[in-house]
Colleague: 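First, the structure itself, so that you have it in front of you.
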Amino acid sequence: MKLILLGPPGAGKGTQANYIKSKYNIVQLSTGDMLRTAVNSMSELGLKANEIMKSGGLVDDDIIISMIEERLSKSSDCQNGFILDGFPRTLKQAKALDIMLSKLNKSLDSVIHIKVEEDLLVRRISGRFTCDECGEGYNDYYKKTKIDGICDKCGNDSFIRRADDNEKTFSLRVRSYIEQTEPLIPFYDKKKLLKTIDGSLEFKEVKDSIDAILDKL
Ligand code: AP5
């Protein structure tokens, strides 16, 4: 199964990718996570990406394309299938993905567009926090820890919030999404790959809509 999850910041791409990867035993390729790893390691790429991510802009297409190309062509864990979470984000990236996949003799099965209105996204983004030990995700408004300040999964008591999860950067991230990523909606619609779901519903209802699409593949 080869999927793209498309949607604005906070739509629930990471949350749903996490569910799909366990259910179907496929890998999640999140360009945002890859970039944050580079930022934490203070590599050359990380230092460059950090400034762009903090400004709500998009990292250079060529850097992102070669990052994904390397992962798709060299790692055996993608053989079973993959979920692209946060990639492609521009038409240039989408066209490069087509070329990459045809070289590998692969094709996409579906592009799931998770649609959520902007006012709800701000709340989701501003409430998001993650356990800094096991990475379990929580939210002040939608998914609190059972015991205040303690991770349900591993018992750790320290959490992190993303540097770009603030209102100012969020509105710039939304602008980047509208200007550079939304054109992918008609692009994949023309290829008859696009399925749009209502991402403003509860976690389980969004998951059920995704299952309904994936069950038919
Ligand atoms: P990235 O990490 O990809 O961020 P994003 O696209 O802005 O998406 P998010 O991770 O913020 O949101 P999400 O949709 O995954 O939501 P989540 O499931 O966490 O990219 C970060 C930056 O890296 C970019 O701005 C850019 O600079 C750079 N970058 C990355 N990829 C790039 C590329 N391809 N090209 C160029 N630059 C790139 O959910 C959010 C919150 O809502 C969570 O707390 C969750 O618990 C909650 N939630 C989820 N679903 C629901 C629900 N149904 N009901 C209630 N709450 C919910």
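Keep in mind that what you see is a predicted model, and the values were worked out from it rather than measured. Remember, it's 1-based here, ligands and their atoms both numbered in the order they're listed.
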Colleague: Measuring from the heavy atoms of Gly7, does anything fall under 4.0 Å of ligand 1?
Modeller: no

Colleague: Test your reading of the model: is there a side-chain donor-acceptor pair from Asn139 to the backbone of Lys144, 3.5 Å cut-off?
Modeller: no

Colleague: Evaluate the salt bridge (Lys or Arg N to Asp or Glu O under 4.0 Å) criterion for residues Asp140 and Arg161: first the C-alpha distance (whole Å), next the side-chain angles of each, then the deciding distance (0.1 Å), finally the verdict.
Modeller: CA-CA 11 Å; Asp140 294 322; Arg161 289 182 190 259; 3.0 Å; yes

Colleague: Run the side chain to side chain donor-acceptor pair (under 3.5 Å) test on Thr145 and Asp152 for me, step by step, so that the C-alpha distance in whole Å, both residues' side-chain angles and the decisive distance to 0.1 Å come before the verdict.
Modeller: CA-CA 6 Å; Thr145 52; Asp152 299 350; 5.0 Å; no

Colleague: Ala11: heavy atom below 4.0 Å from ligand 1, yes or no?
Modeller: yes

Colleague: Identify the closest protein heavy atom to atom 7 (O) of ligand 1: which residue and atom is it, and at what distance?
Modeller: Arg173 NH2, 2.8 Å

Colleague: Where do Leu72 and Met100 come nearest, in terms of heavy atoms and distance?
Modeller: CD1-SD, 4.0 Å

Colleague: Does Phe129 have a non-hydrogen atom less than 4.0 Å from ligand 1?
Modeller: no

Colleague: State whether the side chain of Arg71 and the backbone N or O of Leu29 hold a donor-acceptor pair below 3.5 Å, judged by distance alone.
Modeller: no

Colleague: Looking only at heavy atoms, which two atoms of Ser209 and Ile197 are closest? And how far apart?
Modeller: CB-CG2, 3.8 Å

Colleague: Would you mind finding which of Glu51, Arg162, Arg89 brings a heavy atom closest to atom 33 (C) of ligand 1?
Modeller: Arg89

Colleague: Determine, considering heavy atoms only, which of Leu6, Val59, Asn18 sits nearest to atom 37 (N) of ligand 1.
Modeller: Val59

Colleague: Applying side chain to side chain donor-acceptor pair (under 3.5 Å) to Thr37 and Asn40, what does each step give before you reach the verdict?
Modeller: CA-CA 5 Å; Thr37 304; Asn40 291 338; 5.8 Å; no

Colleague: Any donor-acceptor pair under 3.5 Å linking the side chain of Ser110 with the backbone of Ile112?
Modeller: no

Colleague: Gly14 heavy atoms, cut-off 4.0 Å: which ligand 1 atoms fall inside?
Modeller: 13 (P), 15 (O), 18 (O)

Colleague: Only heavy atoms of Gln93, strictly under 4.0 Å: list the atoms of ligand 1 that pass.
Modeller: 33 (C), 34 (N), 35 (N), 36 (C)

Colleague: Which protein non-hydrogen atom lies closest to atom 17 (P) of ligand 1, naming both residue and atom, and how far is it?
Modeller: Thr15 OG1, 3.5 Å

Colleague: Give me the nearest non-hydrogen protein atom to atom 27 (O) of ligand 1 as residue plus atom name, then the distance to 0.1 Å.
Modeller: Gly57 O, 2.6 Å

Colleague: Name the option, out of Lys207, Lys143, Lys13, that contains the heavy atom nearest to atom 14 (O) of ligand 1.
Modeller: Lys13

Colleague: Any heavy atom of Gly10 sitting closer than 4.0 Å to ligand 1?
Modeller: yes

Colleague: Suppose we measure from atom 55 (C) of ligand 1 to each protein heavy atom; which comes out shortest, and what is that distance?
Modeller: Tyr142 CG, 3.4 Å

Colleague: Please compare Asp61, Val39, Asn139 and report which has the shortest non-hydrogen distance to atom 44 (O) of ligand 1.
Modeller: Asn139

Colleague: Quick one: do Tyr141 and Val206 end up in the same hydrophobic cluster if we chain Ile, Leu, Val, Met, Phe, Trp and Tyr together by side-chain heavy atoms under 4.5 Å apart?
Modeller: yes

Colleague: Does some non-hydrogen atom of Leu201 fall short of 4.0 Å from ligand 1?
Modeller: yes

Colleague: State the atoms of ligand 1, each with its element, that fall below the 4.0 Å cut-off from a heavy-atom position in Glu202.
Modeller: 53 (N)

Colleague: Distance to 0.1 Å, residue and atom name: give those for the protein heavy atom nearest to atom 19 (O) of ligand 1.
Modeller: Arg128 NH1, 2.6 Å

Colleague: For the backbone of Arg89 and the side chain of Gln93, can you confirm whether one donor and one acceptor N or O come within less than 3.5 Å of each other?
Modeller: yes

Colleague: Asp33 near ligand 1, heavy-atom distance under 4.0 Å?
Modeller: no

Colleague: How many angstroms lie between CG in Asp189 and OG1 in Thr196, if you round to the nearest 0.5 Å?
Modeller: 7.5 Å

Colleague: Would you check the N or O atoms of Asp85, main chain and side chain alike, for any that come under 3.5 Å of an N or O of ligand 1?
Modeller: no

Colleague: Is Gln16 near ligand 1, meaning one of its heavy atoms is under 4.0 Å from it?
Modeller: no

Colleague: Which ligand 1 atoms, with their elements, are less than 4.0 angstrom from a heavy-atom of Ile125?
Modeller: 11 (O)

Colleague: Hey, is the main chain of Gly56 close enough, under 3.5 Å, to the side chain of Asp164 for a donor-acceptor pair?
Modeller: no

Colleague: What residue and heavy atom of the protein are closest to atom 16 (O) of ligand 1, and at what distance?
Modeller: Gly12 N, 3.3 Å

Colleague: For Arg36, take its heavy atoms, then give the atoms of ligand 1 lying under 4.0 Å from any of them.
Modeller: 2 (O), 21 (C)

Colleague: Check whether any heavy atom of Glu205 sits under 4.0 Å from an atom of ligand 1.
Modeller: no

Colleague: Based purely on interatomic distance, does Gly86 place a nitrogen or oxygen under 3.5 Å from a nitrogen or oxygen of ligand 1?
Modeller: yes

Colleague: Applying a strict under-4.5 Å side-chain criterion to I, L, V, M, F, W and Y, I'd like to know whether Leu58 and Ile52 cluster together.
Modeller: no

Colleague: Pull out every atom of ligand 1 sitting under 4.0 Å from any heavy atom of Leu35, numbered as shown with elements.
Modeller: 23 (O), 28 (C), 29 (N), 30 (C), 38 (C)

Colleague: Who gets closest to atom 41 (C) of ligand 1 by heavy atom: Gln180, Arg124, Arg123?
Modeller: Arg124

Colleague: Which ligand 1 atoms does Tyr138 reach within 4.0 Å, using its non-hydrogen atoms?
Modeller: 44 (O)

Colleague: Kindly say whether Val39 contributes a backbone atom to a donor-acceptor pair with the side chain of Ser43 at under 3.5 angstrom?
Modeller: no

